[in-house]
Amino acid sequence: MTGTDVQKEAEDSGPSGYAAARLRLLTEEARSGPPRRAALAELTDDWLTGLFTAGSEGLRGASLVAVGGYGRGELSPRSDLDLLLLHDGSDPKAVAALADRLWYPVWDLGLALDHSVRTPAEARKTSGEDLKVQLGLLDARHLAGDLGLTAGLRTAVLADWRNQAPKRLPELQELCAERAERQGELQYLLEPDLKEARGGLRDATALRAVAASWLADAPREGLADARRRLLDVRDALHLATGRATDRLALQEQDQVAAELGLLDADTLLRQVYEAARLVSYASDVTWREVGRVLRSRAVRPRLRAMLGGGKPTAERSPLAEGVVEQDGEVVLARAARPERDPVLPLRAAAAAAQAGLPLSLHAVRRMAATVRPLPTPWPAEAREQLVTLLGSGRPTIEVWEALEAEGLITRLLPDWERVRCRPQRNAVHIWTVDRHLIETAVRASEFTRRVSRPDLLLVAALLHDIGKGWPGDHSVAGEIIAKDVAARIGFDRHDVTVVATLVRHHLLLVETATRRDLEDPATVRSVAEAVGSQGTLELLHALTEADALATGPAAWSSWRGSLVADLVERVSAVLAGDVPADPEDAAPTAEQERLAIEAVATGSPVLSLRAQTEPPAGQEPSGDPEPLGVELLIAVPEQPGVLPAVAGVLAMHRLTVRTAELRSLTLPDGVDGTVLLLDWRVAAEYGSLPQAARLRADLVRALDGSLDIAGRLAERDAAYPRRRGVVAPPPRVSVHPAASRLATVIEVRSQDAPGLLFRIGRALEDASVQMRSAHVSTLGANAVDAFYVTGPEGAPLPGDEAESVARKLEETLRG
């Protein structure tokens, strides 16, 4: 039977004919999705038009209007009929009688009905008082009666909405936020509400309302398809349950998947999550744009008055090379060239996360459209920017989602595709696999002061469940993937092995601690053999806690934490025989020896500044190669204050310290004097590198006291106050008495910041300790620095004195 035949049957047979035609339409296998929803709406239109025509004979100034979802022509099998009987007020009794002849047949068929009877003035007044009514009227569609009456109301309601948008849109945003708080996020829930949860059909409708205001518009690409998929799932849910429900319960998912022709319930959930993620991202972008427009409207009149007319230019503040802040978003600098700068997406993402700002939609789309693939292995800067992004705490999530929405994450990490939007059918887990991995990295960023290699911790956190997209034990599959990914992003062989070990054994500590007898030496010995070293054990302990905290509230407790800590202590005791050698003594290179002899001969510092470059993978060098870093060698006749002086000069010149070594050099026979050698790896924060002669001149002035470094840095900080961004974990300073026989080792773990090394060096100088050597490394946004210090006589510091120095240094860094 054709659609026309179905409608004719409904018209000929009255309510019973409509019911039969409706049932036949809903059971037709050949018709589903948008065609069925449109056909059902058309069938219902014809039936209601017949009821209106039969009941309104002789009545003028009345019309029947579909609103809400029915107004959009989107009727699911068990949808409510949202109807407005509109009239001009001239004959209330006749209108009341017509209402009875409309509503009772609908109720008799057991259909849900949301109805009202109003004049245009009453409808506008109610919509002005009730936001939900106003939203429903935005989709008003004429069904029968006086077309002019309906058209007049629709025109007036749209005009009201646009005029009142500055007031109503913030109300709508608050309504969406409250609903999200109650219902949760559709893209992560195992039993989601397709309509009410964040990213669901209500939010998709809200985006239509924003677009109707002409104030802002949602990113259109893929949005209509996402909305269609959610409606298709709801249709199948209504047919499977026979009820008007929007909650996709676990027991219904297999049947709904079969109704849609999908492989299984997991495939169904993944499609729902992908659609919800797109709606959620579009909502974030749209509400951000609404806020920007409303702020601009509020500020513009004052600025125009101050500036004497004309359009003010938006302020742009640099964040990183090719990346600036504008209007509360991170955008690309005018000179940025994504097609020539494959690291730009990671650099922009890291800068945005560190500043606690969103990435502009335009910037992300431009990079997605034009950026070249990264070479394999990645250059050092790309790896560092990834680590910085992962270590930025809670802001990482929004930035990561912006990259993922435009496909940049799977281009950077192809293995991500298998875990993207993958559900976890485990009551303990509250996130999909991909979101759990990002949550684990966020949690791990809180523990970066606990480990000597925060970069390995953060990358292992990102990858620890990457094997869940493959058959078999996800830890075994994940180890193989992690090896490949870690090597591809540029870690050396040793670090690749550590990351792979962490992924393979990320469940080892918690499972052993809670399921095995820790008093049995074989238990502890087996864990020690699997872990292999103290450094890996330290990382695994932090990863274990981060993973559990990111899983959900049921996965971690003080009891579990104490069991794991006990196991770690026992394993550490087994591994304690593996004591690393002192990192102090190494023969100088010819270049280092030459600089040292020159420094003694001149009595002043000498330096060598050498850029390091490499061509893109698989290509010959062409033009100016991209600088990847600078090696800076400085030789200085031994004297107090060398470390803070050099660190302060570098901070003044906006040079970021990646690694640094400071040690005393033993000079060749016949050369008197002692020399401190500083071997640095630095990079320009943004812009070009300073000239070596200028660095040397400033260093000479810093050492003789004529350059006030502290004052200059303070002036710069005052001129450019720090943005609100990541709330970093507090710095941690610890003493490692067993790490060296010749000196006391003081280790500092802190958030990297301009002038940090200068502050540390000056604090140690103020503590009247002598520095034998220093070993500085910056891993993403984290600084991990070790200082080998002695007392005035050259012996290690007594225990209480070492702890006192460490506490004072920690207080200085916290201040």
Side-chain angles (χ1 to χ4, degrees), residues 37 67-82 111-114 127 130-139 168-212 218 223-253 256 260 265 268-287 290 401 421 423 430-432 435:
R37 286 191 290 276
V67 297
Y70 183 28
R72 293 189 295 273
E74 297 173 343
L75 275 186
S76 290
R78 295 287 175 174
S79 289
D80 293 355
L81 296 182
D82 295 330
L111 300 178
L113 176 66
D114 188 351
S127 71
D130 189 330
L131 181 58
K132 293 180 180 179
V133 172
Q134 191 167 32
L135 293 174
L137 287 174
L138 292 178
D139 291 309
R168 301 314 298 260
L169 287 182
E171 291 179 20
L172 178 58
Q173 183 179 11
E174 186 176 347
L175 200 67
C176 292
E178 289 173 355
R179 189 177 66 251
E181 185 69 25
R182 290 194 312 272
Q183 299 290 341
E185 297 198 53
L186 176 53
Q187 59 180 314
Y188 304 122
L189 296 169
L190 273 177
E191 293 188 303
D193 188 307
L194 299 169
K195 188 175 184 179
E196 301 292 336
R198 182 174 182 266
L201 292 168
R202 287 274 193 211
D203 280 338
T205 302
L207 293 178
R208 289 169 56 93
V210 175
L223 187 58
D225 185 59
R227 192 163 176 273
R228 177 194 61 76
R229 278 186 284 167
L230 292 176
L231 286 168
D232 288 352
V233 174
R234 186 173 70 170
D235 285 1
L237 179 62
H238 283 188
L239 291 174
T241 62
R243 293 180 288 108
T245 179
D246 296 309
R247 185 167 298 282
L248 188 57
L250 287 172
Q251 64 268 24
E252 321 289 358
Q253 290 174 10
V256 172
L260 293 170
L268 167 68
L269 276 185
R270 194 169 188 185
Q271 285 198 5
V272 168
Y273 293 162
E274 286 173 343
R277 186 166 297 189
L278 200 149
V279 174
S280 293
Y281 177 64
S283 298
D284 290 341
V285 171
T286 302
W287 289 121
V290 167
E401 288 176 346
C421 292
I430 61 174
W431 306 112
T432 52
R435 177 61 184 270

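A salt bridge links Asp225 with Arg228: the distance from a Lys NZ or Arg NE/NH1/NH2 to an Asp or Glu carboxylate oxygen falls below 4.0 Å. A salt bridge links Glu171 with Arg168: at least one charged nitrogen is closer than 4.0 Å to a carboxylate oxygen.
With sequence neighbours excluded, the residues that form a side chain to side chain contact (heavy atoms under 4.5 Å, CB included) with Asp114 are Asp82. Residues forming a side chain to side chain contact (heavy atoms under 4.5 Å, CB included) with Ser79 (at least two apart in sequence, or on another chain): Leu75, Ser76, Arg234. Contacts of Tyr70 classified as side-chain hydrogen bond (donor to acceptor under 3.5 Å, both in side chains), with partners at least two apart in sequence or in another chain: Asp45. Under the rule for a salt bridge (Lys or Arg N to Asp or Glu O under 4.0 Å), the partners of Glu185 that lie at least two apart in sequence or sit in another chain are Arg198. By the side-chain hydrogen bond (donor to acceptor under 3.5 Å, both in side chains) test, Arg208 is found to be paired with Asp139, residues two or more places apart in sequence or in another chain being considered.
For Ser127 against Leu137, the heavy-atom pair with the smallest separation is CB-CD1, 3.9 Å. Here the closest non-hydrogen pair linking Thr245 and Leu237 is O-CD2, 3.5 Å. Taking all atoms of both residues into account, the shortest heavy-atom contact from Glu274 to Cys421 is CG-SG, 3.5 Å. Of all heavy-atom pairs spanning Val256 and Ala240, the tightest one is CG2-CB, 4.2 Å. Annotation for Gly200 and Val279: closest pair O-CG1, 4.0 Å, computed over non-hydrogen atoms.
For the atom pair CG (Leu223) and CG (Leu207), the distance works out to 6.0 Å, reported to the nearest 0.5 Å. One finds the CD1 atom of Ile430 at 11.0 Å from the CG atom of Leu190 (value rounded to the nearest 0.5 Å). Atom OG1 of Thr241 sits about 8.0 Å away from atom CZ of Arg78, to the nearest 0.5 Å. To the nearest 0.5 Å, the span separating CG on Leu269 from CG on Leu248 amounts to 6.0 Å. Atom CG in Asp232 sits 4.5 Å away from atom CZ in Arg37 (nearest 0.5 Å). Here the CD atom belonging to Glu252 is positioned 11.5 Å from the CG atom belonging to Leu268, to the nearest 0.5 angstrom.
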Solution key, residues 173-184 side-chain donor-acceptor pairs under 3.5 Å, sequence neighbours excluded:
from, atom 1, to, atom 2, distance (Å)
Arg179, NE, Glu196, O, 3.0
Arg179, NH2, Asp203, OD1, 2.5
Gln183, OE1, Arg247, NH2, 3.4

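Formation of a donor-acceptor pair under 3.5 Å by the Tyr273 side chain with backbone atoms of Leu189 is found in this model. The backbone N or O of Leu250 lies less than 3.5 Å from a partner atom in the side chain of Glu191, making a donor-acceptor pair.
The shortest distance between side-chain heavy atoms of Arg227 and Thr205 falls below 4.5 Å. Taking 4.5 Å as the limit, every side-chain heavy atom of Leu186 sits out of range of all side-chain heavy atoms of Asp193. The shortest distance between side-chain heavy atoms of Asp246 and Arg202 does not fall below 4.5 Å. With a 4.5 Å cut-off on side-chain heavy atoms, Gln187 and Trp431 do not count as touching.
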